[in-house]
Engineer: 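Below: one structure in structure tokens.
Counting convention: from 1, in listed order, for ligands and their atoms alike.
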Amino acid sequence: MKVVIVTPTYNEKGNIDRLIPTLENEIFPQIKNHDMNILVADDNSPDGTADEVRKLMEKYKNIDINSGEKQGLGAAYIRGMTYAVEHMGAEVMFEMDADLQHDPQKIPEFLKKIDEGCDMVIGNRYSDGGSIPKNWPFMRKVFSVVANLFVRTVFMKLSVHDWTGGYRALKKEVFLKEKEELTNYKGYIFQISFLHKAIRDGFKIGEVPFHFSDRNLGRSKIAPLGYITEVFKFVISTRIREVIMGKFGKFLVVGGFGFIINFAVLKILSDSFGWNHSWANLTGAALAIFSNYNLNNIWTFGERKVSVLSSYLFKMLQFYATSAFGVIFIQTGTIFLGDRFIGEGQFSFILPIKYYYVYFVIGTGLLLIWNFTIYNKIIWRKKPH
Ligand code: GDD
Ligand code: MN
């Protein structure tokens, strides 16, 4: 396959001078089954990195350069990868820093994973066989480790260890699929958002552990505090959006609609038909549950929809039973326990608030968790394949 190592540069004259010959003379000769090339994505570096690259281009024929305005690391990658695909025919691309912090000896291992069917291979500094520089100051190590742990846990993707790193290999299909959405991520946050979208879209991810060495020449362009804030904001806002737009959000909408049905039926049967309130409410609740069941079945859990009549009826029965259990034991139970052990009273917050309102809100919160868990894990559980 045609492989292009895309390396972004901003003032890396001294480093590119060493990286390119290493790749050409030591690494590429080891790789027999791929056509290896290099693209330098330079942002008109004032130190003359581009002139250095042009000199090397005379010596090595598999190198190209793509220059542009400085807009950040992510922007340079998007521009460079687009160029690699459109002008160099890249089928596989590497992300690799120019400052020799990414051990070039690992390139064959990345390619092996691609050959084995991975779509995107991530260099990993945080598990066996990987590391961050020993001589980094303590706080820098802590930030590096904690930031990655944070991203892994919030995204609930513990199996991927290194989210922020910039040593990767990927098939061009991954880039082309995510490119449009990535244009907003011009800086270092590009790395997390790219990986996140690739996982979301079901691309197969592999990992290669490596030792991240320290920079010898030049300086890092990252602004640590700004970067950490950006990571935090990106991860939290992305996760909140996913939860709201995902199953849980739909479940809340369906439940809200059920609540309206319940109340409307209660009111109509009571006020217009003179029903006793309790019967009117029971009827309303029964209809609301019916609506909830069907809307969850076709919408919230649409891709696990039950349609065979016998299991549709059986699951509806389950749904009524677990809903009733939740209302009686969890929601009502919370109010009961609150009254019993904390007491009845009221406090003032803008308006007077009776304690039992609070018990109701907590009970309803617990009820929602109970219902969602039962629906997800029992009624519409994923069929094992
Ligand atoms: N073209 C271009 N434009 N290149 C840039 C820019 C830019 O705005 N900013 C940085 N680069 C280049 C650098 O010249 C270097 O080759 C590479 O991108 C990495 O930049 P560094 O400034 O050395 O980053 P770092 O070592 O602090 O960060 C590394 O580790 C981070 C995770 O800890 C990189 O691998 C990051 O991608 C990674 O997120
Ligand atoms: Mn660096």
Engineer: Look at the rings of Phe110 and Tyr167 and say which category their plane angle falls in: under 30° parallel, 30 to 60° tilted, over 60° perpendicular.
Structural biologist: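 Correct class here is tilted.
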
Engineer: Let me know which of Asp35, Ile38, Leu111 forms a side chain to side chain contact (heavy atoms under 4.5 Å, CB included) with Val3.
Structural biologist: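 Output: one option passes, namely Leu111.
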
Engineer: Examine the proximity of ligand 1 to Tyr167 and report which part, side chain or backbone, both or neither, has a heavy atom under 4.0 Å away.
Structural biologist: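 Neither; nothing of Tyr167 gets under 4.0 Å from ligand 1.
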
Engineer: Would you say the side chain of Arg140 lies within less than 4.5 Å of the side chain of Phe143, judging by non-hydrogen atoms?
Structural biologist: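 Counting from C-beta outward, Phe143 and Arg140 never come under 4.5 Å.
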
Engineer: Here's a test for you: under salt bridge (Lys or Arg N to Asp or Glu O under 4.0 Å), which of Lys250, Lys382, Lys247 qualifies with Glu303?
Structural biologist: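 Testing Glu303 for a salt bridge (Lys or Arg N to Asp or Glu O under 4.0 Å) against Lys250, Lys382, Lys247 leaves exactly one candidate, Lys247.
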
Engineer: Check each atom of ligand 1 against the heavy atoms of His102 and keep those under 4.0 Å away; list them by number with element.
Structural biologist: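 Going through ligand 1 atom by atom, the ones under 4.0 Å from His102 are 35 (O).
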
Engineer: Ring centroids only, cut at 6.0 angstrom: are Tyr356 and Tyr359 within range, meaning strictly under it?
Structural biologist: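 No, the ring of Tyr356 stays outside the 6.0 Å limit from the ring of Tyr359, centre to centre.
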
Engineer: Identify the closest protein heavy atom to atom 22 (O) of ligand 1: which residue and atom is it, and at what distance?
Structural biologist: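 For atom 22 (O) of ligand 1, the nearest protein heavy atom comes out as Lys221 N, 2.5 Å.
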
Engineer: What verdict does the ring pair (Phe, Tyr, Trp, His ring centres under 6.0 Å) test give for Phe329 and Trp370, after you've listed the backbone C-alpha separation in whole Å, the side-chain angles of each residue and the deciding distance to 0.1 Å?
Structural biologist: CA-CA 11 Å; Phe329 290 98; Trp370 157 262; 9.5 Å; no

Engineer: Where's the contact between Thr9 and ligand 1, heavy-atom distance under 4.0 Å: side chain, backbone, both or neither?
Structural biologist: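 The part of Thr9 near ligand 1 is the backbone, not the side chain.
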
Engineer: Give the residue and atom name of whichever protein heavy atom lies nearest to atom 33 (O) of ligand 1, and the separation in Å to one decimal.
Structural biologist: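 Nearest protein contact, heavy atoms only, for atom 33 (O) of ligand 1 is Arg125 NH1, 3.0 Å.
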
Engineer: Determine, using the 4.5 Å side-chain heavy-atom cutoff (strictly less than), whether Phe251 and Ile378 are members of one ILVMFWY cluster.
Structural biologist: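 Yes, Phe251 connects to Ile378 through the hydrophobic network.
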
Engineer: Please work out whether any backbone atom (N, CA, C, O) or any side-chain heavy atom from C-beta onward of Gln191 is under 4.0 Å from ligand 1, and answer side chain, backbone, both or neither.
Structural biologist: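 Looking at Gln191 and ligand 1, just side chain atoms fall under 4.0 Å.
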
Engineer: Note the single closest protein heavy atom to atom 12 (C) of ligand 1, along with its residue, its atom name and the distance in Å.
Structural biologist: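 Result: Pro8 O, 3.4 Å.
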
Engineer: What protein heavy atom lies closest to atom 11 (N) of ligand 1? Include the residue and the distance to one decimal.
Structural biologist: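 Of the protein heavy atoms, Leu73 CD1, 3.7 Å lies nearest.
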
Engineer: Using a 4.0 Å heavy-atom cut-off, say whether Arg168 meets ligand 1 through its side chain, its backbone, both or neither.
Structural biologist: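 Within the 4.0 Å criterion, Arg168 makes no contact with ligand 1.
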
Engineer: In the protein, what heavy atom is nearest to atom 30 (O) of ligand 1, and what distance, to one decimal place, separates them?
Structural biologist: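 Answer, as residue, atom name and distance: Phe212 CZ, 3.7 Å.
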
Engineer: Suppose I only count heavy atoms of Ala76 and a 4.0 Å limit; which atoms of ligand 1 are within that range?
Structural biologist: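 Within the 4.0 Å cut-off of Ala76, ligand 1 contributes 1 (N), 2 (C), 3 (N).
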
Engineer: Return the closest protein heavy atom for atom 39 (O) of ligand 1 as residue, atom name and distance.
Structural biologist: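 Protein heavy atom at minimum distance: Thr164 O, 2.5 Å.
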
Engineer: Give yes or no for whether the N/O distance cutoff of 3.5 Å, strictly under, is met between Glu12 and ligand 1.
Structural biologist: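 There is such a contact, yes.
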
Engineer: Taking all heavy atoms of Met96 and all of His102, pick out the closest pair and write down the distance.
Structural biologist: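 Heavy-atom minimum between the residues: CE-O, 3.2 Å.
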
Engineer: Examine the proximity of ligand 1 to Lys70 and report which part, side chain or backbone, both or neither, has a heavy atom under 4.0 Å away.
Structural biologist: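 Side chain only.
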
Engineer: Quick one: which of Tyr77, Tyr227, Tyr185 gives a ring-ring contact (aromatic ring centres under 6.0 Å, His included) with Phe190?
Structural biologist: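 Output: one option passes, namely Tyr77.
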
Engineer: Please confirm whether Phe190 approaches ligand 1 to less than 4.0 Å, judged on its heavy atoms.
Structural biologist: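 Outside the 4.0 Å threshold, so no.
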
Engineer: To the nearest 10 degrees, could you say what angle the Mn ion (ligand 2) makes with OE1 of Gln101 and OD2 of Asp99?
Structural biologist: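 Rounding to the nearest 10 degrees gives 90°.
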
Engineer: With heavy atoms of Ala98 as the reference, note each atom of ligand 1 found under 4.0 Å away.
Structural biologist: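 Per the distance check, 16 (O).
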
Engineer: Of all the atoms in ligand 1, which lie at a distance below 4.0 Å from a heavy atom belonging to Gln101?
Structural biologist: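 The list of qualifying atoms is 23 (O), 26 (O).
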
Engineer: Relative to ligand 1, is Gln71 under 4.0 angstrom through side chain, backbone, both or neither, heavy atoms considered?
Structural biologist: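 Under 4.0 Å from ligand 1, Gln71 contributes no heavy atoms.
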
Engineer: Mark up the atoms of ligand 1 that fall under 4.0 Å of a heavy atom belonging to Asp43, in ascending order.
Structural biologist: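 Numbered from 1, ligand 1 contributes 1 (N), 2 (C), 3 (N), 7 (C), 8 (O).
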
Engineer: Pull out every atom of ligand 1 sitting under 4.0 Å from any heavy atom of Ser220, numbered as shown with elements.
Structural biologist: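 Answer, ordered by atom number: 22 (O), 24 (O), 25 (P), 27 (O).
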
Engineer: List every atom of ligand 1 that sits less than 4.0 Å from any heavy atom of Ile222, numbering the atoms from 1 in the order shown and giving each element.
Structural biologist: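 The list of qualifying atoms is 22 (O), 27 (O).
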
Engineer: Consider only side-chain N and O atoms of Lys179 and Thr82, and report whether a donor and an acceptor are under 3.5 Å apart.
Structural biologist: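 Yes.
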
Engineer: If you count the atoms of ligand 1 from 1 in the order shown, which ones are under 4.0 Å from a heavy atom of Gly72?
Structural biologist: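 Matching atoms, with element in brackets: 3 (N), 7 (C), 8 (O).
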
Engineer: Give the single entry among Tyr10, Trp163, Tyr188 that approaches atom 20 (O) of ligand 1 most closely by any heavy atom.
Structural biologist: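 Considering heavy atoms of Tyr10, Trp163, Tyr188, the nearest to atom 20 (O) of ligand 1 sits in Tyr188.
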
Engineer: Non-hydrogen atoms of Ala41 versus ligand 1: any pair closer than 4.0 Å?
Structural biologist: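 Ala41: in contact with ligand 1 (<4.0 Å).
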
Engineer: For ligand 1, find out whether one of its N or O atoms is nearer than 3.5 Å to an N or O atom of Arg140.
Structural biologist: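 No; every N/O pair is 3.5 Å or more apart.
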
Engineer: Nearest protein heavy atom to atom 29 (C) of ligand 1, by residue and atom, and its distance?
Structural biologist: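 Result: Asp97 OD2, 3.5 Å.
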
Engineer: How about Ile5 and Leu39: do any of their side-chain heavy atoms sit closer than 4.5 Å?
Structural biologist: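 In short, these two side chains do not touch, never coming nearer than 4.5 Å.
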
Engineer: Aromatic rings Trp163 and Phe155: how do their planes relate, parallel, tilted or perpendicular, breaks at 30° and 60°?
Structural biologist: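 Rings of Trp163 and Phe155: tilted, as their planes differ by 30° to 60°.
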
Engineer: Determine the interplanar angle of the Phe150 and Phe232 rings, folded into 0 to 90°, and report it as parallel if under 30°, tilted if 30 to 60°, perpendicular if over 60°.
Structural biologist: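 Rings of Phe150 and Phe232: parallel, under 30°.
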
Engineer: Taking atom types as modelled and ignoring hydrogens, do the side chains of Thr164 and Arg125 form a donor-acceptor contact shorter than 3.5 angstrom?
Structural biologist: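 Indeed, the side chains of Thr164 and Arg125 share at least one donor-acceptor pair under 3.5 Å.
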
Engineer: Taking the six-membered ring of Tyr293, is the NZ or CZ of Lys315 close enough (under 6.0 Å from the centre) and on axis enough (within 45°)?
Structural biologist: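 No, Lys315 and Tyr293 do not form such a contact.
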
Engineer: Test side chain to side chain donor-acceptor pair (under 3.5 Å) on Gln331 and Thr364 and set out the steps.
Structural biologist: CA-CA 6 Å; Gln331 188 190 36; Thr364 305; 3.0 Å; yes

